[in-house]
> 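Take a look at this one; I'll ask things after.
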Amino acid sequence: MQIRKLLVLTIAAGALAVPAATAAPTHGKPSGPKPCHGKAKVTVVLKGTLANDPVTGDTSFQLTVQHANRWGRAYKAASQPLTLNVDANTRYAKADQPSTLDALALNDQVIVKAKASRCDLLTSGSSPPALTAKMVVVQTPEA
């Protein structure tokens, strides 16, 4: 009789311990997507050719994207040519010298660097958010 009681108590304790163990919080990294707070900025790097000849006073230029980094993949997959905005803080470089927007010419090979919100890029889907170029570097060799 004593062994039977001990066996029943052991089984009952084991049955109660299983749900308690599965209800315990998990330790380590949480699973699922990371929450977006909108503060994280990432650098988008696009490489391609200019599809128009910008002039002084333009607020944008068109770029046919041929290569992109991880954060620029959505821009490469978007319809081409892509319109990129510029502002007074955009820097330009041509032949390793500071340059201007009107010095850019049609079919120039350029690298464009811009900053974008990581959360905007992850949630944008097929239409990526508008970019404002921070730096435009012309890589076309001088003739």
Side-chain angles (χ1 to χ4, degrees), residues 3 5-143:
I3 295 175
K5 282 184 182 180
L6 183 62
L7 183 62
V8 169
L9 287 175
T10 305
I11 291 173
L16 292 175
V18 171
T22 58
T26 59
H27 297 288
K29 294 185 179 180
S31 61
K34 294 181 182 179
C36 283
H37 299 290
K39 296 178 183 176
K41 295 283 186 179
V42 293
T43 302
V44 177
V45 180
L46 305 173
K47 185 175 181 179
T49 58
L50 285 177
N52 71 334
D53 192 7
V55 295
T56 304
D58 279 354
T59 60
S60 65
F61 63 91
Q62 293 186 335
L63 179 73
T64 303
V65 180
Q66 297 164 338
H67 301 283
N69 68 344
R70 173 185 179 199
W71 299 107
R73 289 178 189 159
Y75 296 98
K76 183 179 177 187
S79 62
Q80 302 292 327
L82 184 68
T83 300
L84 296 169
N85 299 320
V86 294
D87 60 11
N89 296 328
T90 303
R91 297 181 304 166
Y92 305 94
K94 188 171 186 175
D96 294 328
Q97 298 294 324
S99 187
T100 59
L101 178 64
D102 60 336
L104 302 177
L106 182 66
N107 294 326
D108 273 352
Q109 294 288 325
V110 296
I111 294 179
V112 177
K113 295 180 182 179
K115 293 276 187 179
S117 169
R118 180 180 70 85
C119 295
D120 290 346
L121 291 172
L122 293 175
T123 59
S124 65
S126 62
S127 61
L131 277 183
T132 299
K134 296 291 181 192
M135 184 167 199
V136 180
V137 180
V138 178
Q139 290 195 320
T140 304
E142 295 294 320

> Under 3.5 Å, is there a donor on one side chain and an acceptor on the other for Lys115 and Thr43?
yes
> Determine the minimum heavy-atom distance between Ala103 and Lys94, stating which atoms define it.
O-NZ, 2.8 Å
> Does Val42 reach the side chain of Leu121, with side-chain heavy atoms less than 4.5 Å apart?
yes
> When the side chains of residues 73-90 are checked against the rest of the protein, which donor-acceptor pairs come out under 3.5 Å, sequence neighbours left out?
residue: Tyr75; atom: OH; partner: Pro129; partner atom: O; Å: 2.7
residue: Lys76; atom: NZ; partner: Gln66; partner atom: O; Å: 3.3
residue: Gln80; atom: OE1; partner: Val65; partner atom: N; Å: 2.8
residue: Gln80; atom: NE2; partner: Tyr75; partner atom: O; Å: 3.1
residue: Gln80; atom: NE2; partner: Lys76; partner atom: O; Å: 3.2
residue: Gln80; atom: NE2; partner: Ala78; partner atom: O; Å: 3.2
residue: Asp87; atom: OD1; partner: Asn89; partner atom: N; Å: 3.1
residue: Asp87; atom: OD1; partner: Thr90; partner atom: N; Å: 3.2
residue: Asp87; atom: OD1; partner: Thr90; partner atom: OG1; Å: 3.1
residue: Thr90; atom: OG1; partner: Asp87; partner atom: N; Å: 3.1
residue: Thr90; atom: OG1; partner: Asp87; partner atom: O; Å: 3.3
residue: Thr90; atom: OG1; partner: Ala133; partner atom: O; Å: 2.7

> Nearest 0.5 Å, what's the OG-CG distance between Ser99 and Leu104?
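Those atoms lie 6.0 Å apart.
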> With a 4.5 Å heavy-atom cut-off, do Met135 and Tyr92 have their side chains touching?
no
> Please tabulate, for side-chain N and O atoms in residues 45-63, each donor-acceptor pair with protein atoms closer than 3.5 Å (sequence neighbours left out).
residue: Asn52; atom: OD1; partner: Gln62; partner atom: N; Å: 3.0
residue: Thr56; atom: OG1; partner: Asp102; partner atom: OD2; Å: 3.0
residue: Asp58; atom: OD2; partner: Val55; partner atom: N; Å: 3.0

> List the residues meeting side-chain hydrogen bond (donor to acceptor under 3.5 Å, both in side chains) with Lys134, not counting sequence neighbours, and say none if there are none.
none
> I'd like to know whether CG of Leu7 has more than 12 heavy-atom contacts from other residues, nucleotides or ligands below 6.0 angstrom.
yes
> If you compare all heavy atoms of Val44 against all heavy atoms of Gly72, which two are closest, and at what distance to 0.1 Å?
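Looking at all heavy atoms of both residues, the closest pair is CG1-CA, 3.7 Å.
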> To the nearest 0.5 Å, what is the distance between CG (Leu9) and CG (Leu6)?
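The CG atom of Leu6 is 7.0 Å from CG of Leu9, to the nearest 0.5 Å.
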